[in-house]
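Single-structure report; data block below.
Residue numbers count from 1 along this sequence. Keep in mind it's a predicted model, so treat the numbers as computed, not measured.
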Amino acid sequence: MKKILTVFAVAIFAFSCRKNDKPDPQPVYAFKGLFEMTTSFSSDPENFLFENGRVFYGNEAGNIHATIASGSNLNINSTTYTYDAGTQKIKFDYSGRKWEGTYVPATGKIINGVVKSFNGLATVGAFNGQKHIPGTSGSNLLKGHWKGVYGPGNNLYNLIIEDNSMIVVAGYENSLMCNNNTGIGLSLSRPAINDKTITCIYQYIGLGTFSMEATYNPSSGKLEGTWGTGTNVSGGGTIVLTPENID
């Protein structure tokens with residue numbers, strides 16, 4: 001009887017080891033959010049924002065904040081794109097040229113990107129990209145595109161957090177549908193980021209100045225905090241935003 005129990009215990013242990021040795025599933029990163037691109041047109045990386053069938057190319061100083069500050073418009077200066085999940089091909093027209101590359105969901109990379117003339121007959125450039133995949137703390141965690149609401153009420157908002165700046169898009173579920181720059185708030189200085197918390201003062205173009213402070217909550221997977229007028233980070237209402245770059 002003792003021998004039978006020993007054999008049974010060994011069998012259970014072996015089964016448990018086989019079960020625990022199964023490789024973790026490969027990550028799958030959705031095609032959306034903030035990407036950093038390298039192109040043959042510039043020695044500096046550029047930020048691209050992909051959102052619900054539209055793409056914005058931050059072609060001023062490499063980031064979207066500087067592009068908007070120069071007078072560009074999120075909607076007018078963005079264009080539509082197509083992504084075929086079967087072939088993994090991403091295509092869009094930009095600046096009179098045709099851009100096409102392959103998206104790899106397991107890594108969040110865009111590879112083998114080519115830029116062709118508008119008639120598609122001549123190759124005029126190349127590009128590759130990497131979706132920003134957040135880390136565990138600091139700017140590496142908070143960088144990217146966030147969607148949600150500012151209270152009181154459920155007013156739709158977007159945050160676009162880059163390396164040294166932040167953009168607030170008020171009143172639009174999709175930021176790239178914003179065609180009125182008075183709905184755009186630009187950070188007045190580099191946001192303060194400490195661990196999982198961001199604090200920032202920003203001014204709407206042609207309008208007033210506001211401040212916000214929000215902390216990433218790992219339990220809810222959301223950026224939660226408050227906003228206020230002037231330099232006050234509270235008193236105006238609440239902030240609850242979900243990340244576009246994490247999945």
Please tell me whether [X] and [Y] are part of a single hydrophobic cluster in this structure, the criterion being side-chain heavy atoms less than 4.5 Å apart.
| X | Y | value |
| --- | --- | --- |
| Ile205 | Val169 | yes |
| Ile167 | Leu34 | yes |
| Leu207 | Val168 | yes |
| Leu159 | Trp227 | yes |

**Message:** Taking salt bridge (Lys or Arg N to Asp or Glu O under 4.0 Å) as the definition, give me every residue that meets it alongside Glu51, ordered by chain and number, with sequence neighbours left out.
**Reply:**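 Only Lys147 meet the salt bridge (Lys or Arg N to Asp or Glu O under 4.0 Å) criterion with Glu51.
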Across all chains, not counting sequence neighbours, the salt bridge (Lys or Arg N to Asp or Glu O under 4.0 Å) partners of Lys143 are Asp163
With rounding to the nearest 0.5 angstrom, report the [atom1] to [atom2] distance, [X] to [Y].
| X | Y | atom1 | atom2 | value |
| --- | --- | --- | --- | --- |
| His145 | Leu49 | NE2 | CG | 5.5 Å |
| Ile161 | Asn164 | CD1 | CG | 12.5 Å |
| Glu162 | Ile64 | CD | CD1 | 5.0 Å |
| Asn158 | Asn174 | CG | CG | 7.5 Å |
| Thr80 | Asn52 | OG1 | CG | 13.0 Å |
| Ser165 | Asn47 | OG | CG | 8.0 Å |

Tracing side-chain contacts under 4.5 Å among Ile, Leu, Val, Met, Phe, Trp and Tyr outward from Leu121 reaches none
Who else is in the cluster with Ile201 when I, L, V, M, F, W and Y are joined by side-chain contacts under 4.5 Å?
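Ile201 shares its hydrophobic cluster with Leu188.
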request  = Hey, could you give me each pair passing side chain to side chain donor-acceptor pair (under 3.5 Å) that has a residue in residues 193-206? Not counting sequence neighbours.
outcome  =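 Passing the test, one end in residues 193-206: Thr197-Thr215, Thr199-Glu213.
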The complete set of side chain to side chain donor-acceptor pair (under 3.5 Å) pairs with one or both residues in residues 126-137, sequence neighbours excluded, reads Lys109-Gln130
As a quick check of understanding, evaluate side chain to side chain contact (heavy atoms under 4.5 Å, CB included) for Asn77 and Thr67, giving each step before the final call. CA-CA 9 Å; Asn77 289 276; Thr67 304; 5.8 Å; no
Heavy-atom side-chain contact between [X] and [Y] under 4.5 Å:
| X | Y | answer |
| --- | --- | --- |
| Val115 | Phe41 | yes |
| Leu156 | Val149 | yes |
| Met212 | Tyr150 | yes |
| Ile160 | Phe56 | no |
| Phe31 | Tyr81 | yes |
| Leu141 | Ile193 | no |

At their closest point, which heavy atom of [X] faces which heavy atom of [Y], and how far apart are they?
| X | Y | value |
| --- | --- | --- |
| Asn155 | Pro152 | ND2-O, 3.1 Å |
| Ser175 | Leu74 | O-CD1, 3.7 Å |
| Ile110 | Tyr103 | CG1-CD1, 3.9 Å |
| Ser117 | Lys98 | O-CG, 4.0 Å |

Distance-only criterion, 3.5 Å: show the donor-acceptor pairs between side-chain atoms of residues 229-239 and protein atoms not counting sequence neighbours.
unit_1 : atom_1 : unit_2 : atom_2 : d
Asn232 : ND2    : Thr229 : O      : 3.4

All N/O donor-acceptor pairs, side-chain side in residues 82-94, below 3.5 Å, sequence neighbours left out:
unit_1 : atom_1 : unit_2 : atom_2 : d
Asp84  : OD1    : Gly86  : N      : 2.8
Asp84  : OD1    : Thr87  : N      : 3.2
Thr87  : OG1    : Lys89  : N      : 3.4
Lys89  : NZ     : Thr102 : OG1    : 3.0

Fill in: Qualifying salt bridge (charged side-chain N to carboxylate O under 4.0 Å, His left out) pairs with a residue from residues 173-184, counting only residues at least two apart or across chains
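As it turns out, there is no salt bridge (charged side-chain N to carboxylate O under 4.0 Å, His left out) pair with a partner in residues 173-184 once direct neighbours are skipped.
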Residues 29-43 vs salt bridge (charged side-chain N to carboxylate O under 4.0 Å, His left out), sequence neighbours excluded, gives Lys32-Glu244, Lys32-Asp247
Legend entry - Test of ring centre spacing under 6.0 Å for Trp99 and Tyr57: yes
Cationic tip of Lys222 above Tyr216 ring, under 6.0 Å, 45° of axis = no
Across all chains, not counting sequence neighbours, the side-chain contact (heavy atoms from CB on, under 4.5 Å) partners of Pro243 are Trp146, Ile246
Under 3.5 Å, which donor-acceptor pairs link side chains of residues 176-187 to any protein atom two or more places apart or in another chain?
unit_1 : atom_1 : unit_2 : atom_2 : d
Asn179 : OD1    : Tyr172 : OH     : 3.4
Asn180 : OD1    : Thr182 : N      : 3.1
Asn180 : OD1    : Thr182 : OG1    : 2.6
Asn180 : ND2    : Thr182 : OG1    : 3.1
Asn181 : ND2    : Ser72  : O      : 2.9
Ser187 : OG     : His65  : NE2    : 3.3
Ser187 : OG     : Met166 : N      : 3.0
Ser187 : OG     : Met166 : O      : 3.3

